[in-house]
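Remarks on the structure that follows.
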Number of protein chains: 2
Amino acid sequence: MATIRDVAKRADVSTATVSRVINQNGYVNEDTKKRVKEAIDQLNYVPNEVARNLFTGRSEMIALFVPDITNPFFPELARAVEDIANRYHYTFVLCNTDNDIDKQIDYLNALQQKSVDGFILVSSSLTEEYLQQIRVPVVALDRMISNCISSVTVNNRLGGRQAVEHLKAIGCQRIAHIAGPEHTNNAVERMRGYLDGVKHEAWFNSSYVVSGAYHFDEAREAAIKLLTDYPEIDGIFAGNDLMGAGVLNAAASLGKNIPDELAVVGFDGVAMAETVTPTLTTVAQPIYDIGAKAADMLIKQIETHDSTVLTEEFNVQLIERQSTLRKEDKDER
Amino acid sequence: MATIRDVAKRADVSTATVSRVINQNGYVNEDTKKRVKEAIDQLNYVPNEVARNLFTGRSEMIALFVPDITNPFFPELARAVEDIANRYHYTFVLCNTDNDIDKQIDYLNALQQKSVDGFILVSSSLTEEYLQQIRVPVVALDRMISNCISSVTVNNRLGGRQAVEHLKAIGCQRIAHIAGPEHTNNAVERMRGYLDGVKHEAWFNSSYVVSGAYHFDEAREAAIKLLTDYPEIDGIFAGNDLMGAGVLNAAASLGKNIPDELAVVGFDGVAMAETVTPTLTTVAQPIYDIGAKAADMLIKQIETHDSTVLTEEFNVQLIERQSTLRKEDKDER
DNA sequence: TTGTATGCGTTATCAG
DNA sequence: CTGATAACGCATACAA
């Protein structure tokens, strides 16, 4: 591994000059610049990032924390962040946290010791107080953490509302909601949106709302219980697509026809929603865009040292698929 | 940010002594050790990893390259690698390569400049020659790269064979195969396994084998074409579970009943195979185990400097689900 | 336009 | 048992 000194020796200049041509700052004669470049080529020299980082205190690394990498929403998000990170020559570190507070703190510490330049956090357990100690930029993604921390989210409440309005529009008379985790604000917002749409309905019954995790299995069980206890339910808004898939599965085990006996709407708009049978109607987030935006914001904060708190909220969009495509609609086509 | 010198000053010792207590090597008096520890606590000192890395030339980071993070197989694999990495206090870096050779080379260079300690590669485009230049340990995962590079794989050929034998056993008369990418050796092996099982059948027709990518959409299109051109096909072995889901979807669009008119087997055993409707029979890999094994091997190589080439092959296991559960079988239960 | 000297925060060697 | 000090590889004042 050649060092800057080897290059300097070969080009018969000082290391300072080599450094200048590498970083393109300071004046350097065209001739010597050429000599240096030749030496670099010949020796196959590449700067040692670690040494550079030690000096600059920066590492050109950013980290993304996600609660569950096996939920297809997060790989899609990670892709976006990674793409932007690469574009700006940052190394991307992905951390799976299980939303476990200790794991997150361990990661935070380990990465700060490595001089990570910033964090993008999907977390519903890290607190504002704790993050205040972090000396590098932080952006919350998918879930707000506090007003003092920049965030990129979507309009979950409106999305929840849209989901139930759609179910009503296709003729559902009794609409239930299988919500995501109670301590997660996007799940809470989605539930609020649901309530906005149904609380004034004569049939509304608070037992139609159950909470769980953002998982397939739990949603499946919850749906089976719900549909068994309340056979009149003919529409379910699931907290996310994974849960929506769980509901589809539950309906299949119960022999309920989808969408005629039961219509289902998910949330997120992951690719998986199109791969299930029937395909799942969903409130789609612009997943790539929010990931990219968060990465953009973070890198901007890193490079400008501007710590203004920014809050971006994107819009969601209902995508109709087979799980809510009823006969009357079918005939129209 | 306190440095080792601050600690030394406060404990009234030299930095060397502080270093000794931190790294627990060399002799140090119990009393001074206590003083140093107190100083560390009071100053909230944590060693700067970057400086440490500059000196040691190691970074306690390992990287995993995967071709497509949105294929659920890879998040499950990544989880395993991450768990083991954390257990040994390595930072885990995940790189999505699209199997693009330039992207992989960029990553390889960038990470080597950061003194990454080793690579786990899922790649069917990196060559042995290129990797020979890498000066840190490398383990190939999921796909062999060459005999000179340690690898962790499964018995793909036998798995392919098991898939078709199962289809035959449930009564399929015409079995097709939608294979994964041609230049990917696990896809080739799976196809070989398929051929092992069908090539001596009187009905065998090489048009029953088509190649594609490991994607949902392509498999879906391929299945539609196959089932349209050859309506006699009553069993399909898909190259992986994502493709299997594509086949299920194709069957649904064509109004083919699964499993009675068409039975389907996938490969991998990802969680998604249980979430589709009907649930997908699959040749399951021990995903977590192979990921964990690869991480184990890599870290062992890093820490022992033992560069013996190791080759681990795990066994796969057929898991029967609804997509191959025919009437006669159903009656038996 | 170029070179010298210094420091970034550690670890390890070698005296003491 | 402990302390000075020289690396690790680079970038930047400051001088020339």
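What you see is a predicted model, and the numbers here were worked out from it, not measured in a lab. Naming convention: chains lettered A, B, ... in sequence-line order (proteins, then strands); numbering from 1 in each chain.
Contact check, A:T3 against D:dG9: no side-chain N or O comes under 4.0 Å of OP1 or OP2.
Remark: the B:N99 side chain and the B:S125 side chain contain an N/O donor-acceptor pair separated by less than 3.5 Å.
Taking A:N48 as the reference, A:V50, A:A51 meet the side-chain contact (heavy atoms from CB on, under 4.5 Å) condition, with sequence neighbours excluded. Judged as a ring-ring contact (aromatic ring centres under 6.0 Å, His included), and not counting sequence neighbours, the contacts of A:Y107 are A:F65. In this view, A:R5 and A:T3, A:T15 satisfy the side-chain contact (heavy atoms from CB on, under 4.5 Å) rule, not counting sequence neighbours. The side-chain contact (heavy atoms from CB on, under 4.5 Å) check on B:Q113 picks up A:V46, A:P47, A:E49, with sequence neighbours excluded. Judged as a side-chain contact (heavy atoms from CB on, under 4.5 Å), and not counting sequence neighbours, the contacts of B:A213 are B:H215, B:E218. For A:T184, the side-chain hydrogen bond (donor to acceptor under 3.5 Å, both in side chains) partners are A:S124, not counting sequence neighbours. The side-chain hydrogen bond (donor to acceptor under 3.5 Å, both in side chains) search around B:Q42 returns B:R10, not counting sequence neighbours.
Two residues are said to be in side-chain contact when any heavy atoms from C-beta on lie closer than 4.5 Å; A:D98 and A:K103 meet this criterion.
Within the structure, the side-chain hydrogen bond (donor to acceptor under 3.5 Å, both in side chains) test picks out no pair touching residues 24-38 of chain A (sequence neighbours left out).
Within residues 109-118 of chain A, no residue has any heavy atom under 4.0 Å from DNA chain D.
Contacts of A:V18 with the nucleic acid, taken as non-hydrogen atoms under 4.0 Å apart, are absent. In this structure, B:V36 reaches neither bases nor backbone, as no heavy-atom distance under 4.0 Å exists between it and the strands shown. As judged by a 4.0 angstrom heavy-atom cut-off over every strand, B:V13 is placed among residues touching the sugar-phosphate backbone only.
Each end of the helix from C:dT1-D:dA16 to C:dG16-D:dC1 gets its own rotation axis from five pairs of C1' atoms, and the angle between them is 50° to the nearest 10 degrees.
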Base-contact (B) and sugar-phosphate-only (S) positions in nucleotides 11-16 of chain D, heavy-atom cut-off under 4.0 Å, - elsewhere: BBB---

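Read 5' to 3', the first and last nucleotides of DNA chain C with an atom closer than 4.0 Å to a heavy atom of chain A are C:dT1 to C:dG9.
Residue A:E128 comes nearest to A:C148 through the heavy atom pair OE2-SG, 3.1 Å, listed as atom of the first residue, atom of the second, then distance. Listed here is the closest heavy atom pair of B:I62 and B:A85: CD1-CB, 3.9 Å.
Counting only distance, with no hydrogens or angles, the side chain of A:T97 and the backbone of A:V66 share a donor-acceptor pair below 3.5 Å.
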